[in-house]
Number of protein chains: 2
Amino acid sequence: MSQSIIGKLEALHPLPEEDKKLLHAVVGRGKTLKAGDDIVREGDHTDVVHVIIEGHGFRYKTLPDGKRQIIGYLVPGDFCDLYGFLFDRMDHGMAARTQCRIAQLTEEHVLMLTSRPALARALWWSELVNGSILREWLVNMGRRTPSARVAHILCELLVRLQVVGQATADSFKLELSQNELGDTVGLTTVSVNRALQRLRGAGLISQSGREITIPDVAALKAFADFDPGYLHFRQDREERP
Amino acid sequence: MSQSIIGKLEALHPLPEEDKKLLHAVVGRGKTLKAGDDIVREGDHTDVVHVIIEGHGFRYKTLPDGKRQIIGYLVPGDFCDLYGFLFDRMDHGMAARTQCRIAQLTEEHVLMLTSRPALARALWWSELVNGSILREWLVNMGRRTPSARVAHILCELLVRLQVVGQATADSFKLELSQNELGDTVGLTTVSVNRALQRLRGAGLISQSGREITIPDVAALKAFADFDPGYLHFRQDREERP
DNA sequence: CGGAGGTTTGAGCAGCCTCAATGCTCGTGG
DNA sequence: CCACGAGCATTGAGGCTGCTCAAACCTCCG
């Protein structure tokens, strides 16, 4: 299913067939990491670019007192540290939260990809979108209620997973513990649990294990104040007049 | 004082003299905005790149209920929306918080600049640093106490303003109201006020109007858990063994 | 069967937010 | 020179709610 690495980029920018082939060839099969493994540790130097082929991960920072903040999710197609080799040390860590297949590209590989205009554009775009997501998360943590924060993340996951073919129109598998969800939105596990209960109580979501179903997507989006514009997907752009 | 637009970039990457000249020539004198003016509004389309020559601004998003979240500060030397013309609409607004001089570069101008390797590198670097700051802010809001949050922002401002020659070793002028500080770190004005009082009470800062003095910079940094690594300044890189 | 990791629940407290009023500072106009 | 107003800083009271601490339960999986 390494098809999904294309999905993420094509959602942002169309790619010629030969670019897709090049991408597959350069990325290859990748190496396998198991859930919980670090992809890159905080403070490490790295001179390769990691690409998620399969599986899910996240970026995080830890504080001296052991608290952790998750600062981004990694999905198939993500170039985790594009141009990150410019920095001599990583200012945050990245970890696999499910089993992952990950490619490690050298600078030459990256140059090969970015010499293709459409690919370069898609990668640029994806970097810009990463920044945009970060800004939206800031809004989420700073200015929304706990329930709305959790609802907002669920909306984002629904949309982002749809793009890589891992969600239906109204459901997806949440690959995160409530603890990790809390580390994402700045709440404790207990508060996340109660926020989810409120969402269930309001009929905005239903859960069976980690399978999340959203009976009325528009209602959840409204509740969460979720506007997918910040994800800058092509489909949104083309729907507009 | 348009010297400071160089300061910001040179703090990240050294520039040849001719690149600096080119930068000055392209940027020019810019146009003047008064405090409170919008540089770009949320949802606008823009096909120019705004560069802050002089003055301070911020990026923000507003919520349906009128709440506001500040998602970044703009200082002299910032290319506010580099490559932002790739997007068809801004997902956030930018406003001047003091009087500003602002240049508007066309795509050709930008191409002229990025065809110089050192400049391209410096601009890339500065984009990466913007992302890094965003991640640190996320940690700040999600996982630090109100006092530490405010202290952290003060540390960041001290360091960032030093780079553009607008702060001494231990003091700077805070160009933000307590309301704006609150919109930055996810607190109310009242809580910011009380956080500042605690910092003053602990002897970590002293204030005279909006002039902030930090008697013991190391102590404030320790209290705030501030590690300037995320700003990726050259000076930090070169100090390391 | 046992254990680990994750979810759920309860009680109690600290602290952030809301609401509201009072000062303070500085620039403007009389 | 002073009165005035706008914008910002500061203070107080009170309620809500997110956090802490702790325990129980549930679900896989070896």
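Note on naming: letters A, B, ... go to the chains in the order of the sequence lines (proteins, then strands), and numbering restarts at 1 for each one. For clarity, every value in this text was computed on a predicted model and none was experimentally measured. All heavy atoms count here, side chains included; hydrogens, waters and symmetry mates do not.
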Under-3.5 Å donor-acceptor pair between B:R194 side chain and C:dG15 base: no

Geometric cation-pi criterion, B:R97 with B:Y73: 6.0 Å, 45°: yes

Distance test, side-chain N/O of B:T188 to OP1/OP2 of C:dC17, below 4.0 Å: yes

Exam field: side chain B:Q162 to backbone B:T168, donor-acceptor pair closer than 3.5 Å: yes

B:T62/B:R68 under side-chain hydrogen bond (donor to acceptor under 3.5 Å, both in side chains): CA gap, chis, key distance, verdict: CA-CA 4 Å; B:T62 46; B:R68 178 181 64 173; over 6 Å; no

For atom CE of B:M141 and atom P of C:dC16, their distance in whole Å: 15 Å

Sidechain-backbone polar pair: A:D38 side chain, A:R41 backbone, donor-acceptor under 3.5 Å: no

A:L181 CG - C:dG6 C1' separation (whole Å): 13 Å

A:N193 vs C:dT8: side-chain N/O to OP1/OP2 distance below 4.0 Å: yes

Atom-pair distance (CG on B:L176; C1' on D:dG7), nearest Å: 15 Å

Within 6.0 angstrom of B:R29 CZ, more than 12 heavy atoms from elsewhere: no

N/O (side chain, B:R210) to phosphate O (OP1/OP2, C:dT25) under 4.0 Å: no

Sugar-phosphate, base or nothing in reach of B:R200, heavy atoms under 4.0 Å: sugar-phosphate

Rounded distance in Å - CG (A:N179) to P (D:dG18): 18 Å

Of the listed nucleotides D:dT20, C:dG6, D:dG12, the one nearest the side chain of A:V190: D:dT20

Phosphate OP1/OP2 of D:dC19: any B:R143 side-chain N/O under 4.0 Å: no

Rounded distance in Å - CD (A:Q207) to P (D:dT27): 13 Å

Between P of D:dG7 and CD of B:E180, the distance in whole Å: 13 Å

N or O in side chain of A:R97 less than 4.0 angstrom from C:dG5 OP1/OP2: no

Closest to the A:P146 side chain, choosing from C:dG6, D:dG18, D:dC8: D:dG18

Nucleotide C:dC16, atom P - distance to CZ of B:R144 in whole Å: 15 Å

Distance test, side-chain N/O of B:Q197 to OP1/OP2 of D:dT10, below 4.0 Å: no

Sugar-phosphate, base or nothing in reach of A:G186, heavy atoms under 4.0 Å: sugar-phosphate

B:H92 backbone acceptor or donor facing A:R135 side chain under 3.5 Å: no

Sugar-phosphate, base or nothing in reach of B:L187, heavy atoms under 4.0 Å: sugar-phosphate

Gap between atoms CZ and P, on B:R198 and D:dT10 respectively (whole Å): 13 Å

B:S191 side chain near C:dC16 phosphate (N/O to OP1/OP2, under 4.0 Å): no

